[in-house]
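We're numbering straight along the sequence, starting at 1. Here the structure is a predicted model, which is why all the values come from computation and not from measurement. When a ligand or atom number is given, it counts from 1 through the structure's own listing order.
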Amino acid sequence: MLTGETGVDMKSETKPIHGLTRNELVELCAGLNQPSYRAAQIWRWLHVNRVGDWQQMTNIPAAIRTQLAGSFSFFSMQAEGSKKSADTSLKVLARLHDGETVEFVVIPAPRRTTVCVSSQVGCKFDCAFCASGRSGFTRSLDAGEMVEELLLAEKEYGEKPTHVVFMGIGEPFDNYDNVLKAVRIINDQEGLAIGARRITISTCGIIPGIERLAGEGLQVELSVSLHAPNDELRTRLMPVNRRYGVGPLLDACRQYTQQTGRLITFEYAMIRGVNDSRSHAEELAGKLKSFQCRVNLIPLSEVEEYGGKASTPEVVNMFIKVLGEAGVNATLRNSRGSELKAACGQLRASHARKA
Ligand code: SAH
């Protein structure tokens with residue numbers, strides 16, 4: 001528990017200092033008439049030494065620290081509680097400065113520690129099978145709040161994260177600027193230094209976001225939640241499909257791959273009797289076969305909010321086989337996938353039920 005941490009600033013008019021990019025920090029220090037090395041010093045305290053409050057920044061003049069504390073919060077978020085689950089992932093519920101909550105999950109695996117980060121409080125997109133959308137949407141997170149999720153994850157778990165997936169609550173491309181800012185901050189060589197290829201952004205298929213990301217020149221991984229091979233079914237499962245249908249979405253993905261040379265991973269939650277028939281597999285294979293990509297099959301994580309069941313292992317194997325025969329690389333997301341289910345709004349939802 002981090003409750004009682006010194007330096008927690010609950011003032012809502014302040015912004016999290018961890019959300020400033022290096023350039024923004026340089027501009028800020030210049031505006032305060034500080035020498036040019038000041039920004040580098042502050043950056044080191046924040047992202048390398050990862051100190052717990054302003055007072056620990058011993059080489060920064062007290063007057064500057066006070067001035068900064070007036071406009072910026074240090075840790076604006078507190079861990080409300082954390083829970084290790086049977087699969088050894090650590091789920092943390094964090095209380096934000098305005099009383100809202102988000103969750104993040106630390107998922108250990110051999111030689112890697114992945115943190116599944118939330119990008120919004122709630123979600124607007126209301127996918128039928130996902131717990132996150134059920135309680136509606138409240139607000140987007142600031143870049144600093146997302147960086148803080150990682151710093152809190154490190155403190156709570158005791159190890160530095162090596163991989164980050166934006167697969168917690170919310171839609172990253174509905175909060176594009178803040179998510180990209182957070183990516184640049186955590187990717188900075190001097191700091192958390194998480195390599196771009198170790199950062200995954202997952203989208204429900206917001207085409208303008210895919211197009212923008214293609215132009216960023218970043219090597220981040222992109223996952224697209226597809227879950228159905230045609231508009232009729234996908235619209236039933238994912239209302240966002242009314243706006244961004246399967247055809248235009250796959251065109252945008254193809255364009256992304258051509259422009260960046262990077263493979264997209266399609267997420268496909270396998271729901272018994274809903275999207276897991278042989279004909280669904282064939283239809284999906286037909287649409288993806290001419291296209292360099294990967295498919296991640298994830299047996300549905302059964303949530304109270306949705307009556308659906310996970311497909312059986314036999315059916316998942318049939319799907320992999322049909323896709324494979326068409327030349328589409330499909331894998332079952334096993335341990336990591338089943339642990340990641342914890343991130344799909346379920347902790348927040350179950351917390352709300354208990355409250
Ligand atoms: N909004 C983003 C990221 C958040 S969800 C997106 O839609 O991609 C991360 C992944 O978990 C998505 O692929 C989502 O469709 C999937 N997911 C949500 N609920 C699930 C469930 N009950 N079982 C399996 N996967 C689920």
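- Residue contacts with ligand 1, taken as heavy atom pairs separated by less than 4.0 Å, involve Glu267 solely via side-chain atoms from C-beta onward.
- Applying the ring pair (Phe, Tyr, Trp, His ring centres under 6.0 Å) rule to pairs touching residues 142-162 yields nothing, sequence neighbours excluded.
- Close approach of ligand 1 to Cys204 (heavy-atom distance below 4.0 Å) involves ligand atoms 6 (C), 7 (O), 8 (O).
- Residue pairs that meet the ring pair (Phe, Tyr, Trp, His ring centres under 6.0 Å) test with at least one member in residues 173-212, sequence neighbours left out, are Phe173-Tyr176.
- Using a 4.0 Å heavy-atom cutoff, Ala310 is absent from the residues neighbouring ligand 1.
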Pair Arg184, Thr21 - check side-chain hydrogen bond (donor to acceptor under 3.5 Å, both in side chains), show working. CA-CA 7 Å; Arg184 294 206 151 87; Thr21 60; over 6 Å; no
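- Residue Leu300 approaches ligand 1 through these ligand atoms, each under 4.0 Å from one of its heavy atoms: 21 (C), 22 (N), 23 (N).
- In summary, the atoms of ligand 1 found under 4.0 Å from a heavy atom of Gly168, numbered by their order in the structure, are 4 (C).
- Here is the list of ligand 1 atoms found below 4.0 Å of a heavy atom in Gly170: 1 (N), 2 (C), 3 (C), 4 (C).
- Salt-bridge formation is detected for the pair Arg139/Glu145: a Lys NZ or Arg NE/NH1/NH2 atom is positioned less than 4.0 Å from an Asp or Glu carboxylate oxygen.
- Put simply, no part of Gly308 is less than 4.0 Å from ligand 1, judged by heavy atoms.
- Here Lys91 does not pair with Glu103 in a salt bridge; the nearest charged N to carboxylate O distance is not below 4.0 Å.
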Audit row: Asn230, Glu283, side-chain contact (heavy atoms from CB on, under 4.5 Å) steps and yes/no: CA-CA 8 Å; Asn230 59 55; Glu283 194 177 1; 2.9 Å; yes
Quick one: do Ile271 and Lys309 satisfy side-chain contact (heavy atoms from CB on, under 4.5 Å)? Show the steps, please. CA-CA 6 Å; Ile271 313 170; Lys309 297 260 168 284; over 6 Å; no
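- Taking only non-hydrogen atoms, the option from Ser301, Ser202, Ser223 nearest to atom 2 (C) of ligand 1 is Ser202.
- Within the structure, the closest approach of His227 to ligand 1 falls below 4.0 Å when heavy atoms are considered.
- Distance alone, capped at 3.5 Å, places no donor-acceptor pair between the Asn275 side chain and the Leu233 backbone.
- Taking every heavy atom of Cys130 and a limit of under 4.0 angstrom, the matching atoms of ligand 1 come to 18 (C), 19 (N).
- If you look at Thr203 next to ligand 1, the close heavy atoms, those under 4.0 Å, all belong to the backbone.
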